[in-house]
Asker: 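Before I ask anything, let me first share the structure, which is written out below as structure tokens.
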2 protein chains.
Amino acid sequence: MAHRTRQRKAVQEVFDSADGPLLPEEILELAQPRCPTLGAATVYRTLRLLRERGAIREVVMPDQRVRFENVGPHHCHFHCRVCDRVFDVPGCRTVGSPRESRIPGGFRVEGRKVLLRGVCAVCR
Amino acid sequence: MAHRTRQRKAVQEVFDSADGPLLPEEILELAQPRCPTLGAATVYRTLRLLRERGAIREVVMPDQRVRFENVGPHHCHFHCRVCDRVFDVPGCRTVGSPRESRIPGGFRVEGRKVLLRGVCAVCR
DNA sequence: AAGGTATTGATAATAGGTTCTCATTATCAT
DNA sequence: ATGATAATGAGAACCTATTATCAATACCTT
């Protein structure tokens, strides 16, 4: 039986108010004000639990670090090279030629990802 | 002084005939027919050397593994979920709205990456 | 060809991130 | 409230990828 612990509520609240995918370390820092005793192991356990439930998913950016976000509508991600944070870009679409016929050689395309890099509004 | 060793030539030849970014492990396997004594440490050393020279660059895919490719014109990457290999997709463009004004909130976009996922021609 | 030096290969060591362990604590059903 | 049990926190352990070590070897200049 899954308990509604303060730790799990805190992690969920962090996800619900996030503006982009978060590192485990960021989740820990953001959740600690709501749950001061929270430890890293519990963050990792909660991430696994939420991922198994299909509530969150992994996002891997070119910095090779794994971030997590609530499962939701597709969107692009923006990685700020200054503060190293990742933001959702909800309005971002990969428009143009989404037809798979564009891909030569018989590749079957099942999904796509668009990653932007630059400087975020805060760091400019 | 940099020596033209058989090991380095073999690694360079592997890059030159690759059809996509390669894992260090893949480089080792592909280069060993040309240089049977080649070891993993030398592959890593050569990768660092080539990267410092600006000859190759890292490519990170959602499987969290670092691959390397020759520096060249921009292109998309296709990751086969069956064989786990990554292929270049030279004809792939992120067309549509490359204008940075499209990004809300004052983000300055300096680069973009498009990753495709699916099944490659061989695995279909 | 020979010597100086860069490079190699095998292995140990490292590093970072994640998971495990286990005694303690919190949650939930009663 | 109470008891059964799930969850927690601290740290150890683990895992994988990469780097360092060092004696042996290969390369390049002479």
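Model, not experiment: these values are computed from the prediction. Letters go in sequence order (proteins before strands), and every chain restarts at 1.
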Asker: For B/H79, which residues count as a ring-ring contact (aromatic ring centres under 6.0 Å, His included) partner, sequence neighbours excluded?
Answerer: none

Asker: Please identify each residue that fulfils side-chain contact (heavy atoms from CB on, under 4.5 Å) with B/D19, with sequence neighbours left out.
Answerer: B/F87

Asker: Sorted by first residue and then second, give each side-chain hydrogen bond (donor to acceptor under 3.5 Å, both in side chains) pair with at least one member in residues 23-41 of chain B; sequence neighbours left out.
Answerer: B/E13-B/R34

Asker: How would you summarise protein contacts on nucleotides 7-19 of chain D per nucleotide, using B for base, S for sugar-phosphate only and - for none, with heavy-atom distances below 4.0 Å?
Answerer: SBBBB-----SSB

Asker: Does some side-chain heavy atom of B/F68 sit less than 4.5 Å from a side-chain heavy atom of B/L23?
Answerer: no

Asker: Excluding sequence neighbours, so at least two apart, what forms side-chain contact (heavy atoms from CB on, under 4.5 Å) with B/R8?
Answerer: B/A2, B/T5, B/T46, B/L49

Asker: Do NZ/NE/NH1/NH2 and the carboxylate oxygens of A/R81 and B/E110 come within less than 4.0 Å?
Answerer: yes

Asker: In the hydrophobic cluster built from side-chain contacts under 4.5 Å, what are the other members alongside B/V59?
Answerer: A/V59, A/M61, A/V86, A/L115, B/M61, B/V86, B/L115

Asker: Using a 4.0 Å cut-off on heavy atoms, which residues in residues 13-23 of chain B reach DNA chain C? List them by number, or say none.
Answerer: none

Asker: Residues in side chain to side chain donor-acceptor pair (under 3.5 Å) with A/R57, at least two apart?
Answerer: A/E69

Asker: If you define the side chain from C-beta out and look only at heavy atoms, does anything of A/E58 sit under 4.5 Å from A/R67?
Answerer: no

Asker: For DNA chain C, note the earliest and the latest nucleotide, 5' to 3', having some atom under 4.0 Å of a heavy atom belonging to chain A.
Answerer: C/dG17 to C/dC28

Asker: With B/R45, which residues qualify under salt bridge (charged side-chain N to carboxylate O under 4.0 Å, His left out), at least two apart?
Answerer: none

Asker: Side-chain contact, heavy-atom cut-off 4.5 Å: A/K9 with A/Q12?
Answerer: no

Asker: Suppose we screen for side chain to side chain donor-acceptor pair (under 3.5 Å). Which residues come up paired with B/R124, at least two apart in sequence or across chains?
Answerer: none

Asker: Mind grabbing the angle between the end helix axes of the helix from C/dA1-D/dT30 to C/dT30-D/dA1? Five pairs an end, 10° rounding.
Answerer: 50°

